[in-house]
Q: 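Sending over a structure as structure tokens; questions will come in a sec.
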Amino acid sequence: MSRSNILHKALIPTLLCLLALVVVACGGEPEVSQSQNKAPAPADKQVLRYPIGSTDFGSLDPALATANIDGFAMQTFYTGLVTYKEDHTVVDQMAASHSISADGLTYTFMLKPDLKFSDGTPLTANDVAYSLNRVLSADTKSPVASTLDPIKDWEKMATGKIKTLIGDSLIVKDDHTIAIVLSHPAAYFLQTFSSSASMVVNKNLIEKYGNKWTDHLQEGAGAGPFKVQSYSHDKGLILVPNPYYYGPKPKLEKLELLRSGSTDTAYRSYLAGQLDYAQVPSVNVPSVRKRPDYNHAVELHITYLNMNYLAKPFDTIKIRQAFALATNKDLIAENVMHGAMLPTNHLVPEGMPGYNKNLTGPAGVASTKGDPVKAKQLLQEGMQEAGYASIKQLPPITFTYFANDSDVSNLAAVLSQQWQSVLGITVKLNVISADVLIEQETNTAGNSGPLQFWFMGISNFADPQGWLSFNFGRGASFNVTNYGQNKSSDAATQQAVQDELQKADVNLNPQERMQQYNDAEQKLVNDVSWLPLYQSETHHLANPKLQLPGPDLELVAPDDWSKVYFAQ
């Protein structure tokens, strides 16, 4: 779960995400253009060149990484006890098996025999405990610590009130057995436990190099299907098969994750034969749909706008609703994103459990086209409630975004035009780099700035908890809009929604739980906790000889890398 940075994706300008991207096909089976019955090409042809975007990885430390591309890279050379499959199921990975106590509070994992890091050193239950404990340690300052919040006493650990969870809620029974104790039942625990925060890292490497340990990943960082051969901050990451991997070995001889420039640049590089895979800029999607190397799937990803409840005038719900209903999402999806996205009012994406097909937009407006008349009415009512006599008295409003490609710049321009046309409000556009936007968003939690109004997106696992409680719950790490954590006249109502989310999180009755999330989501939409724009679709080109186990490379379970190869 998380937010993400960046943006090796053309169509998804910003994603914050702690988990690997989840790809689904709504209303049908995922498209798979490459069959799996072709003979592999010779070993010297098994080199996959994959673009990672304009910037270096944000972090390749599972305790610190929040970007999609970081998650994609890490799942090739780290693994955890369980992993997430593209069909929404969680399966044992390093674990040979697991059991859950009758009260739902203790998860016991039996490790597979003879596990090793990629340098050949043994990997035991002590390494699992160390890795989880490290993520939750106050010294680590992990932005993803709350991914593991069902674990008993995690918050005490993350705030420095206790020094370790080992022997407390992380109980190593022997080299092959670890028990994890939760503070409350959590039906979603295995889903969230499949996140990158639960990946196992090599303690020896961290003790040897301290904060610089990720510059030495080639010395046995993880236990995934690949190992790091080299890492250059300027060029990218080179991976080769891990000879000590405990699962089926990759057929690829080399996986090159390359600094590739913007999405537009990477797309042109693919067409020139310099890459084997590339996202398609949305402007090019209509022209490539009939290409034999084109692939498409709907994603569990929502692109949205954030308004800070601690920054005026967005402490007034009706003003937030006015901006939402002044936004024509259909026009954006069709004209700006060239039909490559699905307009939505939802916080929980279509194609997963808990999707509420009866949800409406703010103020009961069902259409994704918005409602200009209602928007103007709500603006006037909101200004009156907040004591603004006219639009001229509104505080200056700055909309912050980063421009990884022309789509994002065009989107920002169209949004500002819509708000000007419908509301008569001039919004200042502020372009910053993606890494600065991520940093500023983190710093906005609990504060009136630095961000007031900004552009973001999220991918997550297939459970409403990761979309709702994780972003709007009381004390949630990614409650960067400060929902329920403000002094507005609506704060008490927001806190009641947070209480409802908390009840859903611990409810083990599936039907009741989903109904609680549905109700809470509608209230969050009414409050414009986010202003969702569209659910993303992935559009990419892949070398026709490249064989894939699913519709996309962006979520490949560790053992499934053995199914990725070039055919003759």
Side-chain angles (χ1 to χ4, degrees), residues 7 9-15 26 263-264 279-289 296 298-299 301-307 319-347 349-350 357 359-379 397-431 453-458 525-526 528-539:
L7 306 182
K9 302 186 77 69
L11 312 178
I12 305 165
T14 101
L15 337 174
C26 297
T263 304
D264 298 322
Q279 296 292 331
V280 181
S282 63
V283 67
N284 300 108
V285 168
S287 65
V288 303
R289 288 186 184 272
H296 158 262
V298 179
E299 299 179 304
H301 179 279
I302 300 290
T303 293
Y304 57 92
L305 311 182
N306 273 324
M307 305 177 195
I319 292 178
R320 301 172 74 94
Q321 292 177 330
F323 273 83
L325 296 182
T327 304
N328 187 332
K329 302 169 187 178
D330 289 8
L331 184 148
I332 288 169
E334 187 60 35
N335 293 355
V336 180
M337 307 309 291
H338 308 282
M341 302 294 169
L342 304 174
T344 188
N345 290 323
H346 289 75
L347 310 181
E350 185 175 359
K357 64 180 181 180
L359 180 137
T360 68
V365 176
S367 173
T368 48
K369 293 181 180 179
D371 187 331
V373 174
K374 188 73 171 176
K376 292 175 184 176
Q377 174 192 334
L378 287 166
L379 177 63
I397 297 175
T398 299
F399 179 69
T400 303
Y401 66 100
F402 80 88
N404 191 51
D405 54 45
S406 57
D407 288 337
V408 188
S409 297
N410 293 340
L411 177 60
V414 169
L415 286 169
S416 65
Q417 289 168 6
Q418 290 183 356
W419 299 324
Q420 174 66 50
S421 174
V422 175
L423 303 177
I425 296 175
T426 300
V427 173
K428 177 184 177 182
L429 299 181
N430 177 37
V431 187
F453 193 15
W454 70 102
F455 179 64
M456 196 50 71
I458 186 171
V525 168
N526 291 342
V528 196
S529 54
W530 285 344
L531 199 174
L533 295 177
Y534 50 78
Q535 182 171 347
S536 298
E537 298 181 273
T538 176
H539 304 266

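Counting begins at 1 with the first residue of the sequence.
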Q: Considering only heavy atoms from C-beta outward, does the side chain of N306 approach that of W530 to under 4.5 Å?
A: yes

Q: Can you find a heavy atom in the side chain of L531 that is under 4.5 Å from one in the side chain of M307?
A: yes

Q: Can you find a side-chain donor-acceptor pair between S536 and E299 that sits under 3.5 Å?
A: no

Q: Ring centres of F323 and F453 under 6.0 Å apart?
A: yes

Q: Minimum heavy-atom separation for V528 and R320, please, with both atom names.
A: O-NH2, 2.8 Å

Q: Any chance you could lay out the side chain to side chain contact (heavy atoms under 4.5 Å, CB included) test for V288 and H539, step after step, and finish with the verdict?
A: CA-CA 9 Å; V288 303; H539 304 266; 5.9 Å; no

Q: May I ask you to decide if T538's main-chain N or O and Q279's side chain share a donor-acceptor pair within less than 3.5 Å?
A: no

Q: Quick one, T327 and I332 - any side-chain contact, counting heavy atoms below 4.5 Å?
A: yes

Q: Which label fits W419 and F399: parallel for a plane angle under 30°, tilted from 30 to 60°, or perpendicular past 60°?
A: perpendicular

Q: Which value, rounded to the nearest 0.5 Å, describes the distance between Y534 atom OH and I302 atom CD1?
A: 10.5 Å

Q: Roughly how far apart are M337 CE and L331 CG, rounded to 0.5 Å?
A: 12.5 Å

Q: Is there side-chain contact between V285 and R289, with heavy atoms separated by less than 4.5 Å?
A: yes

Q: Measure the shortest side-chain to side-chain distance between L342 and E537 over non-hydrogen atoms and say whether it is less than 4.5 angstrom.
A: yes

Q: Return the CD1 to CD1 distance between I397 and I319, rounded to the nearest 0.5 Å.
A: 7.5 Å

Q: Return the minimal non-hydrogen interatomic distance between V431 and F402, and the atom names on each side.
A: CG1-CA, 4.4 Å

Q: When you compare the side chain of L533 with that of P343, does any pair of heavy atoms fall below 4.5 Å?
A: no

Q: Can you measure from CD (E334) to CG (N328) and round to the nearest 0.5 angstrom?
A: 11.0 Å

Q: Show the nearest heavy-atom pair for residues S416 and V427, with the distance to one decimal.
A: CB-O, 4.5 Å

Q: Can you list the steps and then say if Q535 with H301 is a side-chain hydrogen bond (donor to acceptor under 3.5 Å, both in side chains)?
A: CA-CA 6 Å; Q535 182 171 347; H301 179 279; over 6 Å; no

Q: Could you grab the distance from atom CG of L305 to atom OG1 of T400, nearest 0.5 Å is fine?
A: 11.5 Å

Q: Please evaluate residues L379 and I425 with respect to the criterion side chain to side chain contact (heavy atoms under 4.5 Å, CB included), reporting the C-alpha separation (whole Å), side-chain torsions for both, the decisive distance (0.1 Å), and the verdict.
A: CA-CA 10 Å; L379 177 63; I425 296 175; 4.0 Å; yes

Q: Side chain to side chain contact (heavy atoms under 4.5 Å, CB included) between K376 and L325: does it pass, once the steps are laid out?
A: CA-CA 9 Å; K376 292 175 184 176; L325 296 182; over 6 Å; no

Q: Judged by atom type as modelled, is there a donor-acceptor pair below 3.5 Å linking the side chain of S421 to the main-chain atoms of Q418?
A: no

Q: How close do P362 and Q321 get, heavy atom to heavy atom, and via which atoms?
A: CB-CG, 4.0 Å

Q: Which atoms form the tightest heavy-atom contact between A375 and V422, and what is the distance?
A: CB-CG1, 4.0 Å

Q: Assess the residue pair D407 and S282 against the criterion (side-chain hydrogen bond (donor to acceptor under 3.5 Å, both in side chains)); give the C-alpha distance rounded to whole Å, side-chain angles, the decisive distance to 0.1 Å, and a yes or no.
A: CA-CA 7 Å; D407 288 337; S282 63; 2.6 Å; yes

Q: Would you name the heavy atoms of V525 and T360 that are closest together and state the gap between them?
A: CG1-O, 3.4 Å

Q: Without hydrogens or angle criteria, can the side chains of T368 and N345 be said to hold a donor-acceptor pair below 3.5 Å?
A: no

Q: Tell me, do Y304 and L347 make a side-chain contact under 4.5 Å, heavy atoms counted?
A: no

Q: Does the pair Q417 and L415 meet the rule for a side chain to side chain contact (heavy atoms under 4.5 Å, CB included), with working shown?
A: CA-CA 5 Å; Q417 289 168 6; L415 286 169; over 6 Å; no

Q: Does the side chain of F455 reach to within under 4.5 Å of the side chain of V408, using non-hydrogen atoms?
A: yes

Q: Mark yes or no for whether K329, through its side chain, and T344, through its backbone, hold a donor-acceptor pair below 3.5 Å.
A: yes

